[in-house]
Amino acid sequence: MTTPLVPVAHGSRDPRSAATVRGLVERVRDQAPGIEVYESFLDLSEPRVTDVLRRLYEQGHRSAAVVPLLLGSAFHARVDLPALVAEVQAACPGFDVRVSDVLGVDPVLEEVALDRLAGAGLGGPGSGLVVSAVGSSNAGANAAVADLAARWETRLGIPVTEAFASAAQPDVPAAVRRLRARGVERVAVAAWFLAPGLLPDRIAILAREADRGVYLAAPLGTDPRVAAAVLRRYEAAQNRVSAQ
């Protein structure tokens, strides 16, 4: 049997989030017709990753590769998901479930995010950019976003700063104030999010309050390059499974 691919997203009470994940998984299926692909979620949306894995085991699969659809390596990737996988493996003898790296700050995903800014008029005098992300209690995850902002500042030649929707600083108003202090007049906000949802909406509301004319970029969404990145994570995990 070919090892099934189980992309797992965080899940959200906002139905747009799960719909985007399902659309992305359809893109993955289109790019890899020989692989069984099953979307799943950690929480708040269905089906849960534990249910998908148990069903695969009941169908006779003895291996699976889980790809976290997460842009940062924080609590969900480091604690929640490994615990859920361990729970399934304890109940399913001989089931080899390997979890890939998160999507993370992948150069290809950076290109997608930058492409979402087309039309923002970046690069001209007085323009600046906020890179918005979820935010985490994990300092390393937040630092990765700050590093991303620093790279984009060098690349674009304009002031760029990070902002977080929760759990970390700066928030969007503080980020906009940082840019204003550096002479920025026209603000754009990049969405370091996979899908629309409650937190991107919070970012948008705060950004519009800080600057009515702000340019708000869309999340990464179902871009084929995101699907290709999922498959690269799967291949890496699959190779580790096969090596056992």
Side-chain angles (χ1 to χ4, degrees), residues 7-25 27 39 41-45 68-77 80 102-106 108-120 122 128-138 141-142 144-149 152 160-179 186-227 229-230:
V8 56
H10 179 273
S12 172
R13 292 183 179 86
D14 188 323
R16 295 173 299 165
S17 178
T20 300
V21 170
R22 293 188 177 98
L24 174 60
V25 169
R27 292 273 195 177
E39 71 268 17
F41 301 89
L42 291 172
D43 197 9
L44 302 175
S45 302
L69 302 180
L70 302 171
L71 299 181
S73 182
F75 189 85
H76 297 304
D80 283 348
V102 298
L103 293 180
V105 184
D106 184 298
V108 173
L109 302 189
E110 289 189 45
E111 294 302 319
V112 177
L114 286 168
D115 286 350
R116 295 287 187 267
L117 289 162
L122 295 177
L129 177 64
V130 175
V131 180
S132 66
V134 173
S136 172
S137 58
N138 182 283
N142 297 330
V145 179
D147 290 345
L148 175 65
W152 286 10
V160 180
T161 189
E162 70 278 10
F164 301 102
S166 64
Q169 290 293 324
D171 59 12
V172 170
V176 173
R177 287 195 297 271
R178 282 186 181 182
L179 293 179
R186 292 180 292 104
V187 177
V189 178
W192 193 243
F193 291 91
L194 185 67
L198 301 179
L199 292 181
D201 282 355
R202 181 186 301 173
I203 291 283
I205 290 168
L206 291 172
R208 290 193 180 102
E209 288 176 350
D211 184 339
R212 292 183 182 179
V214 68
Y215 183 98
L216 296 166
L220 303 181
T222 61
D223 191 284
R225 291 169 289 180
V226 182
V230 173

The reported gap from CG in L199 to NE2 in H10 (rounded to nearest 0.5 angstrom) is 8.5 Å
Side-chain heavy atoms of R202 within contact of L206, under 4.5 Å: yes
side-chain contact (heavy atoms from CB on, under 4.5 Å) for D201 and R16? Distances and angles first, verdict last. CA-CA 11 Å; D201 282 355; R16 295 173 299 165; 2.6 Å; yes
For a 4.5 angstrom cut-off between non-hydrogen side-chain atoms, does V105 reach L109? no
Looking only at non-hydrogen atoms, find the nearest pair between D223 and L24 and report the distance. O-CD1, 4.3 Å
Should V214 and V130 be marked as a side-chain contact (heavy atoms from CB on, under 4.5 Å) after you check the CA-CA gap, both sets of side-chain angles, and the distance that decides it? CA-CA 10 Å; V214 68; V130 175; over 6 Å; no
Quick one: list whatever passes side-chain hydrogen bond (donor to acceptor under 3.5 Å, both in side chains) with D115, sequence neighbours left out. R225
Is it the case that atom CZ in R22 sees more than 12 heavy atoms from other parts of the structure closer than 6.0 Å? yes
Hey, what do you get for CH2 (W152) to CG (L122), rounding to the nearest 0.5 Å? 10.0 Å
If I compare all heavy atoms of A168 with all of S136, which pair ends up nearest, and what's the gap? CB-O, 4.0 Å
Say you draw a straight line from CG of N142 to CG of D147; how long is it, rounded to the nearest 0.5 Å? 11.0 Å
For side-chain contact (heavy atoms from CB on, under 4.5 Å), just list the numbers for E110 and L148, CA-CA rounded to whole Å, side-chain angles, deciding distance to a tenth of an Å, and then say yes or no. CA-CA 8 Å; E110 289 189 45; L148 175 65; 3.3 Å; yes
Between OG1 on residue T222 and CG on residue L194, distance to nearest 0.5 Å: 9.5 Å
Between I203 and V189, which heavy-atom pair has the shortest distance, and what is it? CG2-CG1, 4.0 Å
Nearest heavy-atom neighbours spanning P200 and A195: CG-O, 3.6 Å
Any donor-acceptor N or O pair under 3.5 Å, side chains E162, W192: no
Write down the atom of P196, the atom of P219, and the distance for their closest heavy-atom approach. N-CG, 3.7 Å
Any sub-3.5 Å donor-acceptor pair from R116's side-chain atoms to A217's backbone N or O? no
Looking at A174 and P170, what are the two nearest heavy atoms and their distance? CB-CB, 3.8 Å
Is the side chain of Y215 donor-acceptor paired with the backbone N or O of A190 at a distance under 3.5 Å, no angle test? no
How many angstroms lie between CG in L216 and OG in S132, if you round to the nearest 0.5 Å? 8.5 Å
Measure from the side-chain N and O atoms of S45 to the backbone N and O of S12, and report whether any donor-acceptor pair falls under 3.5 Å. yes
Rounded to the nearest 0.5 angstrom, the CZ-CG distance for F75 and N138 is 10.5 Å
For a side-chain contact (heavy atoms from CB on, under 4.5 Å) check, start with the C-alpha distance between L103 and L69, then their side-chain angles and the critical distance, and finish with the verdict. CA-CA 6 Å; L103 293 180; L69 302 180; 4.1 Å; yes
